Amino acid sequence: MGRGDLSYAEWARLSPHLPQNVGRGGRWKSHRRVINGILFRQRTGIPWRDLPPRFGKWKTVYERHRRWSADGTWERLLRAVQADADAEGRIDWTMVGVDSTSCRAHQHAAGARRRPARLPGRRGRPAQHRDDEALGRSRGGLTCKIHLASDGGRRPLAIVITPGQWGDAPQLIPVLERIRVPRPSGGHPRTRPDQVSGDKAYSSRQNRRYLRRRQIKHTIPERKDQRANRQRRGSAGGRPTGFDSTTYRRRNEVERTINALKGFRAVASRFDKRAYVFHGTVTVSAVRLWIRS
């Protein structure tokens, strides 16, 4: 077992949820070796062609990562390990933090083909396909932004990829809508945390209205211009928003989640041309965080 490879405990948590071989001869081979190759690239950020020979052919490793990113296999694995963690009581629902982080796009991430991506061997587009490929331009050049929600245990619950210049406030609802933790015993998946925290970037009337409608407590500071506008309107501006500074101290949990996620160099810097492949890259890193002891 090499440095950074899946340990026996991690493999025991992940292996029951992997696609199984069906039919004579089987389709998938060496799941563990291929996934270790994917994780090696995640951690080091090297080009796929430079993978060490101990992981097999680089083309096999890359194609499996691309295929599983396109057909949603990585998303299903993330849901499965989250369901196991929830059944064991390892998800802290008392506070879910929402935040975003910008990732500088490498020059190799540009230049994707203009024709739409297709599912390998199937009709239709990948689930996470974006026409803009989630690449935006800012003063620093090409950038990509990761919006995520994390539990109190500092692990990602949901992920959204957008271009780097997109704002944070409009993405709070899409991020929370993606929280779906299945229940192994049956029933509807859990989608609602006890409380949500966010910084001033998420302070908007639409977000607060959405959280109240879903009966989710929230700790989001009000921006100065919004407070001044509300006070100027008098009674028509509505009541002041509640804010607990003691509870807001737990906002560091989502920031530490981003820190752990960007410990993978392929996440801190985007090298993937296609948005759905980069989404798979971030999802694989999230899965690794969930199966760690």
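Sequence positions, counted from 1, serve as the residue numbers for this chain. Computed from a prediction, not measured in an experiment: that's the story for all the values here.
Side-chain contacts under 4.5 Å among hydrophobic residues (ILVMFWY), followed directly or transitively, place F271 with no other residue at all. The other residues sharing a hydrophobic cluster with F243 are Y248, where clustering joins ILVMFWY side chains under 4.5 Å apart.
Checked by atom type and distance alone, the side chain of R190 pairs as donor or acceptor with a backbone atom of R192 at under 3.5 Å. Under the 3.5 Å distance criterion, the side-chain polar atoms of Q20 are matched with a main-chain donor or acceptor of L18. Between the side chain of D99 and the main chain of A149, no donor-acceptor pair closer than 3.5 Å is present. Side chain of R32 to main chain of L6: a donor-acceptor pair is present (N/O by atom type, distance under 3.5 Å, no hydrogens or angles).
Summarising the geometry, atom CD belonging to Q206 is positioned 10.5 Å from atom CG belonging to L211; distances are rounded to the nearest 0.5 Å. Distance check: H218 NE2 to T247 OG1 gives 12.0 Å after rounding to the nearest 0.5 Å. Atom-to-atom distance recorded for R79:CZ and R76:CZ is 11.5 Å, nearest 0.5 angstrom. Here the straight-line distance linking atom CG of L78 with atom CZ of R180 works out to 13.5 Å at 0.5 Å rounding. Taking OG1 from T143 and CZ from R104, the interatomic distance works out to 8.0 Å, rounded to the nearest 0.5 Å. Rounded to the nearest 0.5 angstrom, S150 OG and D92 CG are separated by 10.0 Å.
Looking at P193 and I216, their side chains come closer than 4.5 Å, going by heavy atoms from C-beta outward. With contacts defined as side-chain heavy-atom distances shorter than 4.5 Å, the pair W93/I179 qualifies. Between W290 and I91, the closest side-chain pair of non-hydrogen atoms falls below 4.5 Å.
Residues passing the ring pair (Phe, Tyr, Trp, His ring centres under 6.0 Å) test with Y210: none are found, sequence neighbours excluded. Partners of K59 according to the salt bridge (Lys or Arg N to Asp or Glu O under 4.0 Å) rule, which considers only residues two or more places apart in sequence or in another chain, are E63. R223 meets the side-chain contact (heavy atoms from CB on, under 4.5 Å) test with K200, S203, D225, Q226; sequence neighbours excluded. With sequence neighbours left out, R137 forms a side-chain contact (heavy atoms from CB on, under 4.5 Å) with L142. D5 meets the salt bridge (Lys or Arg N to Asp or Glu O under 4.0 Å) test with R54; sequence neighbours excluded. Residues passing the ring pair (Phe, Tyr, Trp, His ring centres under 6.0 Å) test with H108 are H106, sequence neighbours excluded. Every residue two or more places apart in sequence or in another chain that forms a side-chain contact (heavy atoms from CB on, under 4.5 Å) with S30 is listed here: R33.
Of the listed residues (D86, I291, L289), just one forms a side-chain contact (heavy atoms from CB on, under 4.5 Å) with V81, and that residue is I291.
Across all non-hydrogen atoms, the minimal contact from A275 to R270 is N-NH2, 3.6 Å. Shortest non-hydrogen contact noted between P221 and G198 is CD-O, 3.2 Å. Nearest heavy-atom pair across H65 and V277 is NE2-O, 3.7 Å. For G4 against R288, the heavy-atom pair with the smallest separation is O-NH1, 3.1 Å. Scanning all heavy atoms of the two residues, the minimum distance from P182 to A83 falls at O-CB, 3.4 Å.
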Run T94 and Q195 through side chain to side chain donor-acceptor pair (under 3.5 Å) and show every step you take. CA-CA 6 Å; T94 58; Q195 193 165 355; over 6 Å; no

Derivation and outcome, side-chain contact (heavy atoms from CB on, under 4.5 Å), residues F55 and V34: CA-CA 6 Å; F55 299 117; V34 171; over 6 Å; no

Given side-chain contact (heavy atoms from CB on, under 4.5 Å), test T191 with R214 step by step and report yes or no. CA-CA 10 Å; T191 61; R214 294 193 61 189; 3.3 Å; yes

Decide yes or no on ring pair (Phe, Tyr, Trp, His ring centres under 6.0 Å) for H31 and W68, but give the supporting numbers first. CA-CA 12 Å; H31 268 326; W68 285 6; 5.3 Å; yes

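Y276 and I146 fall into different hydrophobic clusters, defined by Ile, Leu, Val, Met, Phe, Trp and Tyr side-chain heavy atoms under 4.5 Å apart, directly or through other members. With hydrophobic clusters built from ILVMFWY side chains whose heavy atoms lie under 4.5 angstrom apart, L172 does not share a cluster with V254. Neither L14 nor L261 shares a network with the other; the hydrophobic side chains, linked directly or stepwise wherever heavy atoms of I, L, V, M, F, W or Y lie under 4.5 Å apart, form separate groups for each. By the criterion of side-chain heavy atoms lying less than 4.5 angstrom apart, applied directly or through intervening Ile, Leu, Val, Met, Phe, Trp or Tyr residues, Y62 is grouped together with V284 in one hydrophobic cluster. Residues L148 and V267 are members of one and the same hydrophobic cluster, defined by side-chain heavy-atom contacts under 4.5 angstrom among Ile, Leu, Val, Met, Phe, Trp and Tyr.
Counting only residues at least two apart or in different chains, salt bridge (charged side-chain N to carboxylate O under 4.0 Å, His left out) contacts with residues 252-267 comprise R250-E253, R251-E255.
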Check: residues 37-48 side-chain donor-acceptor pairs under 3.5 Å, at least two apart:
residue, atom, partner, partner atom, Å
R41, NH2, D272, OD1, 3.1
Q42, NE2, T281, O, 2.7
Q42, NE2, S285, OG, 3.3
R43, NH2, R3, O, 3.1
T44, OG1, F40, O, 2.7

Review item, side-chain donor-acceptor pairs of residues 154-171, under 3.5 Å, at least two apart:
residue, atom, partner, partner atom, Å
R155, NH2, R90, O, 2.2
R155, NH2, D151, OD2, 3.3
T162, OG1, H147, NE2, 2.8
D168, OD1, S100, OG, 2.9
D168, OD1, K145, NZ, 3.4
D168, OD2, S100, OG, 3.1

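Side chains of Q128 and S69: a donor-acceptor N/O pair is absent below 3.5 angstrom, by distance only.
Salt-bridge annotation for E133 and K273: absent, with no side-chain N of the basic residue lying under 4.0 Å from a carboxylate O of the acidic one.
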